[in-house]
A.B. asks: 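Mind looking over this structure? Questions follow.
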Amino acid sequence: MIHPDRATVLDAAGRELSPTSIEKARRLVAAGRATLVSESPLVVRLHYAVDLPPMPEPAEERPVGEGKTILLHVCCAPCSTYTVERLRELSFAVTGFWYNPNIHPWSKHERRRESLVRYASEIGLPMIWTEGYDMPLFLRAVSGHERFGERCEICYRMRLERTAQVAAERGFDVITTTLLISPHQNQGLIRQIGETVAVEHGVEFFFENFRRGWARRGHLAREHDLYQQRYCGCIYSEWEAGQR
Ligand code: SF4
């Protein structure tokens, strides 16, 4: 690079060094330590080579999940397909977590769970299963807040709160949820609740827009013949789907 008020300095091998003042460059030439290459712009070439420090290697970017364990709340097998694939791609050590007391009725809860049992074994996904069915707890929590959106906030919080609690008890670094893949869910609200409960339990919440994998989710769900429920999960969503 040419500096109008500075002289360009080359070493004996022709490599450009830091520019110097016009006076200093002329002194080097006068002292016989450099040769004049060009007057305007002023360029001088030293009679000796200079050991330049080697260029630093560009720092290698480490995958975001490297060395981290993540507890993934799973709402159903189809939504876990792309999500697990992606988290593994990011180098997280993934364990799934089942807690969905919202799912109605019990028979559908079991069908979803059984489908996930099979899929988890197919892809070698370790799972933590919550025993029982907290349906009464869910219905009590949303009582008086049955409107769509209002009840969903409570539903997200119940499931993420339990995920964060179990993650903290079992020493996981990070939590996240398959709910983030669905275009039918309020992703912003899930993220906000996830980050809040994570802080409260001393773990991290991992957010990524998993919706970009929605088409792949559909493909994998068909390929593995996974059970897909036709409504979001709760008794209210079943009724609303029927109305539509
Ligand atoms: S619609 Fe879905 S997210 Fe909302 S309360 Fe029902 S099951 Fe939960």
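One-based numbering, in listed order, for ligands and for the atoms of each. Counting begins at 1 with the first residue of the sequence.
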A.B. asks: Side-chain heavy atoms under 4.5 angstrom apart, residues restricted to Ile, Leu, Val, Met, Phe, Trp, Tyr: same cluster for L179 and L220?
C.D. replies: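 In one cluster with L179: L220, no.
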A.B. asks: Quick one: do E39 and R26 make a salt bridge, cutoff under 4.0 Å?
C.D. replies: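 Looking at E39 and R26, the cut-off is met.
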A.B. asks: Do you see an N/O/S atom of C234, backbone or side chain, under 2.8 Å from atom 6 (Fe) of ligand 1?
C.D. replies: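 Yes, C234 qualifies, because one of its backbone or side-chain N, O or S atoms lies under 2.8 Å.
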A.B. asks: May I ask you to identify, for C155, whether its side chain, its backbone, both or neither come under 4.0 Å of ligand 1 on a heavy-atom basis?
C.D. replies: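 Side chain only; the backbone of C155 stays clear of ligand 1.
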A.B. asks: Is any side-chain N of the basic residue among R191 and E195 closer than 4.0 Å to the acidic one's carboxylate O?
C.D. replies: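 Answer for the salt bridge query: yes.
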A.B. asks: Got an N, O or S from C232 under 2.8 Å of atom 2 (Fe) of ligand 1?
C.D. replies: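 Checking atom 2 (Fe) of ligand 1 against C232, an N, O or S atom does fall under 2.8 Å.
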A.B. asks: Is it true that atom CH2 of W214 has more than 12 heavy atoms of other residues, nucleotides or ligands lying nearer than 6.0 Å?
C.D. replies: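 For W214, atom CH2 is crowded (more than 12 foreign heavy atoms under 6.0 Å).
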A.B. asks: Give a yes or no on whether a salt bridge exists between E85 and R216, defined as a side-chain N under 4.0 angstrom from a carboxylate O.
C.D. replies: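 The answer is yes: the pair qualifies as a salt bridge.
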A.B. asks: Which protein non-hydrogen atom lies closest to atom 4 (Fe) of ligand 1, naming both residue and atom, and how far is it?
C.D. replies: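 Its nearest protein heavy-atom neighbour is C152 SG, 2.3 Å.
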A.B. asks: Between R113 and E110, is there a salt bridge with N-O shorter than 4.0 Å?
C.D. replies: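 Salt bridge between E110 and R113, a charged N being under 4.0 Å from a carboxylate O: yes.
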A.B. asks: At less than 4.0 angstrom from any non-hydrogen atom of S237, what atoms of ligand 1 do you find?
C.D. replies: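 Under 4.0 Å from S237, ligand 1 has these atoms: 1 (S).
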A.B. asks: Among all protein heavy atoms, pick out the one at the shortest distance from atom 1 (S) of ligand 1; state its residue, atom name and that distance to 0.1 Å.
C.D. replies: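 Checked against all protein heavy atoms, atom 1 (S) of ligand 1 sits closest to R151 NH2, 3.5 Å.
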A.B. asks: Quick check on contacts: which atoms of ligand 1 are under 4.0 angstrom from a heavy atom of Q185?
C.D. replies: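 By the 4.0 Å cutoff, the relevant atoms are 3 (S).
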A.B. asks: Is the closest heavy-atom distance from E240 to ligand 1 below 4.0 Å?
C.D. replies: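 Flag not set, E240 not near ligand 1.
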